[in-house]
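Chain identifiers are assigned alphabetically (A, B, ...) following the order of the sequence lines, protein sequences preceding nucleic acid strands; residue numbering begins at 1 within each chain.
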Number of protein chains: 2
Amino acid sequence: MTKPTPDPRHALTLRDVSEASGVSEMTVSRVLRNRGDVSAPTREKVLEAARALGYVPNKIAGALASQRVNLVGVVIPSLSNMVFPEVMTGISEVLEGTGLQPVVGVTNYLPDREESVIYEMLSWRPSGMIIAGLEHSAASRAMLARAGIPIVEIMDIDGEPINHAVGISHRRAGRQMAEAIIAAGYRKIAFLGTQMPNDFRAKKRLEGFEEALAKAGLTLVDREYYSGGSALLKGREMTAAVLNRTPDVDFLYYSNDMIGAGGLLYCLAQGLDVPGRIGLAGFNGVELLDGLPRKLATMDACRLEIGRKAARIIAEAPEASQVEELFPTLQPGDTIRQA
Amino acid sequence: MTKPTPDPRHALTLRDVSEASGVSEMTVSRVLRNRGDVSAPTREKVLEAARALGYVPNKIAGALASQRVNLVGVVIPSLSNMVFPEVMTGISEVLEGTGLQPVVGVTNYLPDREESVIYEMLSWRPSGMIIAGLEHSAASRAMLARAGIPIVEIMDIDGEPINHAVGISHRRAGRQMAEAIIAAGYRKIAFLGTQMPNDFRAKKRLEGFEEALAKAGLTLVDREYYSGGSALLKGREMTAAVLNRTPDVDFLYYSNDMIGAGGLLYCLAQGLDVPGRIGLAGFNGVELLDGLPRKLATMDACRLEIGRKAARIIAEAPEASQVEELFPTLQPGDTIRQA
DNA sequence: CGTGATATTGTTACCGCTAACAGCCCAATT
DNA sequence: AATTGGGCTGTTAGCGGTAACAATATCACG
């Protein structure tokens with residue numbers, strides 16, 4: 001033991017490791033990054049010293065010097081609705097092998113908050129950004145466009161992307177569901193969804209849905225909105241409200257699976273004949289539905305694949321902008337009459 | 001050859017803003033950070049120039065120079081089980097006002113992965129770290145202990161914290177639930193839970209549970225484990241398996257609410273008398289339960305409050321280590337007989 | 001044994017920003 | 001008028017690494 005206690009309060013730097021191992025800082029840096037040739041014995045010496053000291057490199061300094069940051073910003077509206085965790089899984093999965101690391105920011109569907117999250121993230125000079133949605137404030141779009149890094153807008157492709165986009169057409173998804181419902185013979189259709197004015201994708205689905213209804217000469221017979229609270233419970237309550245107000249309704253289209261699940265449980269508890277007397281459908285294809293007594297009709301939003309593809313674009317940083325459209329599949333489940 | 005037009009792709013620096021506004025870089029820095037005195041007209045000029053250029057400060061350089069990083073690392077095992085998003089909410093809520101910003105890392109319950117996530121985070125020199133659980137590899141503990149920043153281990157307090165801890169006693173929680181079940185007159189009790197060997201908190205709950213059973217002269221009449229897949233569905237399946245194998249079981253204790261909910265739906269579908277013929281209980285107090293046809297007995301894990309308190313500790317960085325124990329409340333719901 | 005090629009290690013100059021301190025200007029004070 | 005003390009702005013010297021290049025050691029070969 002040379003130094004009894006080399007000031008434990010002093011933060012370790014490359015210099016400490018370099019002194020401990022008797023080589024230059026540069027060589028230590030090379031060993032720790034596995035870059036450039038270093039002789040085997042030197043490498044060992046350095047690694048040993050670093051391990052013994054418990055040295056953790058300072059990426060702040062490293063990033064500044066190398067002008068390279070292995071971070072990818074991911075901006076999403078919420079973590080609590082089961083949809084984004086799966087997107088994250090896809091992203092992490094692909095980034096894993098690239099040395100890139102995702103950093104998540106949550107906006108709670110607030111444009112102002114989104115703007116500040118983006119600003120904050122860009123100030124760390126990430127290698128790329130993945131952002132949910134195509135709708136952003138002018139300032140947000142400007143910042144992203146100027147950042148000089150690949151930007152991927154995910155989930156949605158109905159609009160003008162800043163750079164790249166990966167997602168599905170929610171308008172088309174809504175239309176498809178409506179067509180399937182009409183084809184199954186339902187005519188008195190109601191919509192139940194969130195109140196959130198900034199959930200543009202839910203809004204687009206509804207637009208597509210109504211568009212298809214109109215084409216068939218139909219209009220929604222009722223609609224019910226909610227905000228906040230337990231989605232499952234809200235689903236029950238909203239369903240009760242609609243059934244009460246519009247007793248002859250024969251189909252309930254929910255803007256997401258969670259409230260759809262609540263509605264399904266309610267209908268079953270009421271002893272309603274599903275899908276004979278009344279049909280139901282949600283949106284997202286969440287795993288949760290597998291455990292329900294009856295499988296809710298839904299449309300898978302390709303979340304995993306969206307995450308994967310977005311990450312792949314960031315990793316490859318292609319010159320040309322690209323828009324990847326994915327096509328959700330309708331899962332009829334047990335809550336739509338089979339024709 | 002000089003540049004005729006100042007390359008618009010050239011990354012902006014303080015210097016660009018300083019030139020555009022005719023003051024020194026230092027003054028620009030002061031304006032943008034709101035630090036030190038700057039005259040009103042100068043401030044305006046600078047802000048105007050910064051806005052016009054679309055300048056985003058480089059925190060990497062700033063952090064290196066000031067030796068200050070406004071990041072707080074949060075290391076959690078998973079995002080998909082509804083429990084951590086709520087902890088995150090509590091953390092964000094408190095950090096909001098402090099200028100600190102959470103950065104999340106996910107370990108998937110893998111110790112190796114936890115180690116590398118911690119290493120990665122520490123290399124950004126955060127102002128503090130919040131980590132789920134008290135069980136970590138020796139290397140992880142060493143890194144954290146040496147980092148010279150406040151460390152808060154959350155969720156659990158049954159063990160030796162590295163620095164600070166905020167959580168509940170899972171052992172005690174298990175014990176309490178067992179006592180309530182026994183008091184309600186149930187005697188043939190089965191456990192249904194996850195297989196994950198690294199979910200130490202679930203393990204501790206089970207230990208406490210069995211301990212209390214033993215004290216009453218009882219042992220589990222059956223147990224069933226699962227891993228992966230849709231928790232709700234697994235809950236159904238496991239419940240079916242147990243009821244089949246051990247027909248006279250009169251209570252099912254689930255390691256989390258999600259499988260408990262699946263079990264509850266199954267029991268109701270089978271027409272079993274709940275809680276008369278058979279009782280059920282879960283753990284966590286997830287919002288989801290509010291929407292179920294009958295309310296599952298559970299124990300709230302104080303997740304929001306844990307997040308808040310942990311963040312508060314980081315923000316205040318107290319000298320002395322502190323351990324905050326929270327006390328979960330038992331919510332009997334409708335699935336335990338009332339004595 | 002000299003020579004160029006190759007392998008390994010060191011030196012220097014920043015990266016973009018901020019702490020600390022230095023300077024300047026001008027009103028107020030003596 | 002000289003002095004003083006704020007208020008405001010500029011200068012200098014890093015922060016802890018890394019790119020690029022320089023230097024030295026080593027080695028094969030004619």
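- Two residues are said to be in side-chain contact when any heavy atoms from C-beta on lie closer than 4.5 Å; A/Met88 and A/Pro102 meet this criterion.
- Side chain of B/His164 to backbone of B/Pro161: no donor-acceptor contact under 3.5 angstrom is found.
- A sub-4.0 Å separation between OP1 or OP2 of C/dC17 and a side-chain N or O of B/Ser66 is absent.
- For B/Thr42, a side-chain nitrogen or oxygen approaches OP1 or OP2 of D/dT9 to under 4.0 Å.
- Phosphate proximity of C/dT9 to A/Ser39: present, with a side-chain N or O under 4.0 Å from OP1 or OP2.
- Contact annotation for A/Asp37: base contact, defined as any heavy-atom pair under 4.0 Å involving a base atom.
- Among the nucleotides C/dC15, D/dT9, D/dC21, the one closest to any side-chain atom of A/Leu64 is C/dC15.
- Of the possible donor and acceptor atoms, none in the side chain of B/Asp199 sits under 3.5 Å from a partner among the backbone N and O of B/Met196.
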I'd like a table of donor-acceptor pairs (distance under 3.5 Å, sequence neighbours excluded) in which one partner is a side-chain atom from residues 53-66 of chain A, with atom names and distances.
| from | atom 1 | to | atom 2 | distance (Å) |
| --- | --- | --- | --- | --- |
| A/Asn58 | OD1 | A/Ile60 | N | 2.8 |
| A/Asn58 | OD1 | A/Ala61 | N | 3.2 |
| A/Lys59 | NZ | B/Glu120 | OE2 | 2.4 |
| A/Ser66 | OG | A/Gly62 | O | 2.9 |
| A/Ser66 | OG | A/Arg68 | N | 3.3 |

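- Residues B/Pro150 and B/Asn163 share a closest heavy-atom pair of CA-OD1, 3.5 Å.
- Across the protein-nucleic acid pair, B/Arg68 atom CZ and D/dC15 atom C1' stand 12 Å apart, rounded to whole Å.
- For the OP1/OP2 pair of D/dG16 and a distance below 4.0 Å, the side-chain nitrogens and oxygens of A/Tyr55 include no atom meeting the criterion.
- Residue A/Gln67 places none of its side-chain N or O atoms closer than 4.0 Å to OP1 or OP2 of C/dC14.
- Distance alone, capped at 3.5 Å, places no donor-acceptor pair between the A/Asn108 side chain and the A/Leu110 backbone.
- When side chains are defined from C-beta on, B/Trp124 does not count as touching B/Leu122, because their heavy atoms never get closer than 4.5 Å.
- For the helix from C/dC1-D/dG30 to C/dT30-D/dA1, the axis fitted to the five pairs at one end and the axis fitted to the five pairs at the other end meet at an angle of 50° (nearest 10 degrees).
- Residues from residues 22-29 of chain B with heavy atoms under 4.0 angstrom of DNA chain C, sorted by number: B/Met26, B/Ser29.
- Take the nearest nucleotide of DNA chain D for A/Arg35 and for B/Ala65: the residue whose nucleotide is more 5' is B/Ala65.
- Across all strands, A/Arg33 comes closer than 4.0 Å only to sugar-phosphate atoms, never to a base (heavy-atom distances).
- As a whole-Å value, the separation of B/Asn34 CG from C/dT18 C1' is 15 Å.
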